[in-house]
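What follows is a short report on a single structure.
Start at 1 with the first residue, then count along the sequence.
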Amino acid sequence: MTTSPTLARRATYVAEEGDGPVRLGARLGAGRKSPERLHDVRNPYDGRTLASVSTCAEADVWASCEEAERHLDDDFPQFQRSRVLSSAALLLSESQNPFARIIALEAGKPIRAARAEVARCIDTLRLSAAEALALSGEVVPMDATAASAGRLGLALRVPIGVVGAITPFNFPLNLVAHKVAPAIAAGCPVVLKPAPATPLSALAFADLLADAGLPDGWLSVVTGARDEIGAALVAHRVPRLISFTGSCTVGWSIASAAPDKRVCLELGANTPVIVEPDVDVDAVAERVSQAAFGYAGQSCISIQRVLVHERIANDLSAALATRARHLVVGDPLDELTDVGPVINAASAQRILSSVREATDGGARVLAGGEANGNLVAPTVLEGAPRDGRLWSEEIFGPVVLVNAYADFDAALSMANQSDLGLHAGIFTNDLSKALDAARRLRFGGVLVNDVPTFRADQEPYGGVRASGNTREGPRYAVESMTELRFVSFAAPPR
């Protein structure tokens, strides 16, 4: 079941022209096996229907997997894979505004942040194109032992097979690219299941790759609910690798359900940042405010816990609260908007429930703490209990906790007081403390004098402990999507 270019172009048209709802899905691939069902994609800001998209069934997933399997031995060499990805980057650079509008409309991401996501996706494509050309093996020194002397040994990197990719709503374009583009670079056909709330970006991206020359059958998009479509993709015999970004609960359940597959998990966090007393409080408050409240806190590495030295705790709390109150909350398409809606009403209620639990436990609200529909006000809490949900779990909303510490060892201990370990940050002018933090913080990434919400698309991005088991970024994803094949050449028998 390949994605239909007509579908994706019509999705782009809705985002560009705003003509109201259209029906998408009548031609969702030649491999459709089930009667057509539809689900509405709604704007989380105002609730209006953007499109009606086909809901696939298990039979459609199976057809897509089997179609992908038929292309495993295609003649699609590295230089051609690189050319497709480079062409896609060029096409996307010429279509940035339409793609940004799709993201803003279906995900509720402020348009300025949506444009930044499109720009990052272009980089992801370019980096993946370079990796397609760099993919190589190595010579094994067979003369290193007497038993193998006289042979030529090669360790070749070969595609692992079909990749099943499951992506979240919060970066509906660039996180799709972080799975699909490295898979193409590695030589792996892909079956992609985007988040039900945000399928339009994925459909438009699939169309873009088709226009860039991606051969038929190399990318299938299956849309629908996680429980049915995601489970069918994980269970099917064809995908040899499942790449999942989303919640910890779902991610580790996938790993348990697929012990015979390689499962790459990029999961959640409750990201801490440590602020030492030797920094510029206002400058740090500005950076932390952007990192905590941007896109309504709906990023795996959105700052959730601010651990600040007691000498400057009051000043930093006040500065954060002031900035939170002055952020513009509203329509994602408004150029002035800083914070848009959370993805749906259930998320808004979950966030408010966690805030109430924290205040019942003694936390003090310095800013925010309320919502208007799906618009949750940027919220600053002081003194939240360290045994509550807001401390130990991922809130995935525009909420930040400020807790004071007395000494640096206590700050490191507080940061590590979680099963989650994606990114952590520290602001300090003391090099020895920065190095100590890099060594002792149990996270996949430690950012010094920067917010831990920063991600470079070429970095080895990923978490440890409950936050995941892989590294993304094109170079590292390509490596995970390939496997070594040893080849030995001996002289013919005489």
Side-chain angles (χ1 to χ4, degrees), residues 12 14-20 41-50 92-93 95-122 169-174 197-198 200-201 282-299 301-304 306 318-345 347-348 351-352 355 365-380 395-400 451 453-455:
T12 306
V14 172
E16 285 187 293
E17 305 299 333
D19 285 342
V41 178
R42 298 184 181 276
N43 184 331
Y45 171 65
D46 57 20
R48 70 185 176 95
T49 298
L50 302 172
L92 185 55
S93 70
S95 304
Q96 294 186 56
N97 286 335
F99 272 85
R101 284 184 63 85
I102 293 174
I103 295 169
L105 284 167
E106 70 174 347
K109 182 172 290 189
I111 189 65
R112 287 175 290 153
R115 291 194 193 102
E117 180 175 346
V118 176
R120 288 182 59 190
C121 184
I122 294 169
F169 74 82
N170 58 331
F171 286 85
L173 181 65
N174 195 39
T198 56
L200 305 184
S201 298
D282 286 335
V284 170
E286 181 64 26
R287 295 296 309 282
V288 170
S289 175
Q290 295 170 2
F293 304 129
Y295 188 34
Q298 296 174 120
S299 167
I301 44 177
S302 177
I303 292 178
Q304 187 169 322
V306 178
L320 283 174
T322 297
R323 283 164 173 77
R325 287 191 290 267
H326 285 87
L327 290 171
V328 177
V329 182
D331 186 351
L333 292 179
D334 189 329
E335 294 286 346
L336 298 178
T337 294
D338 299 304
V339 180
V342 295
I343 194 64
N344 52 38
S347 294
I351 293 164
L352 293 180
V355 170
V365 177
L366 303 183
E370 67 275 342
N372 178 13
N374 292 350
L375 295 171
V376 179
T379 299
V380 180
I395 185 62
F396 224 63
V399 178
V400 66
V451 288
T453 310
F454 173 80
R455 174 185 178 181

**Report entry** Nearest heavy atoms of Pro398 and Phe293, plus distance in Å
**Finding:** O-CE2, 3.5 Å
Requested in this report: Please report the shortest heavy-atom distance between Pro341 and Gly330, naming the atom on each side.
Outcome: CD-O, 4.2 Å
Query raised in the report: Do side-chain atoms of Asn374 reach the backbone of Tyr45 as a donor and acceptor pair under 3.5 angstrom?
Result: no
Query raised in the report: Can you tell if the side chain of Phe99 reaches within under 4.5 Å of the side chain of Ser201, non-hydrogen atoms only?
Result: no
Query - Donor-acceptor contact present, side-chain Thr198 to main-chain Glu106, <3.5 Å - result: no
Requested in this report: Considering non-hydrogen atoms only, spot the tightest contact between Val339 and Thr337 and give its length.
Outcome: O-CG2, 3.4 Å
Requested in this report: Please confirm whether the backbone N or O of Ala292 pairs with a side-chain atom of Ser302, one donor and one acceptor, at under 3.5 Å?
Outcome: yes
Requested in this report: Report yes or no: is the cationic atom of Lys109 (NZ for Lys, CZ for Arg) under 6.0 Å from the centre of the six-membered ring of Phe169, at an angle within 45° of the ring normal?
Outcome: no
Query raised in the report: Would a distance-only check, ignoring hydrogens and angles, find a side-chain to backbone donor-acceptor pair under 3.5 Å from Glu286 to Ala283?
Result: no
Requested in this report: Indicate yes or no for a side-chain donor-acceptor contact from Thr453 to the backbone of Ile301 under 3.5 Å, with no hydrogens or angles considered.
Outcome: yes
Report summary line: Shortest non-hydrogen pair, Pro44 vs Ile343, comes out as CB-O, 3.3 Å
Query raised in the report: Do Asn97 and Arg115 pass the side chain to side chain contact (heavy atoms under 4.5 Å, CB included) test, and can you show the C-alpha distance, the side-chain angles, and the key distance before you say yes or no?
Result: CA-CA 7 Å; Asn97 286 335; Arg115 291 194 193 102; 3.7 Å; yes
Query - Under 3.5 Å donor-acceptor, Arg112 side chain and Glu335 backbone - result: yes
Report task. Say whether, by atom type as modelled, one donor and one acceptor occur between the side chain of Arg101 and the main chain of Ala114 under 3.5 angstrom. Result -> no
**Report entry** Derivation and outcome, side chain to side chain contact (heavy atoms under 4.5 Å, CB included), residues Asn170 and Glu117
**Finding:** CA-CA 10 Å; Asn170 58 331; Glu117 180 175 346; over 6 Å; no
Requested in this report: Using modelled atom types only, decide if a donor and an acceptor are shared between the side chain of Ser289 and the backbone of Ala285 within a distance under 3.5 Å.
Outcome: no
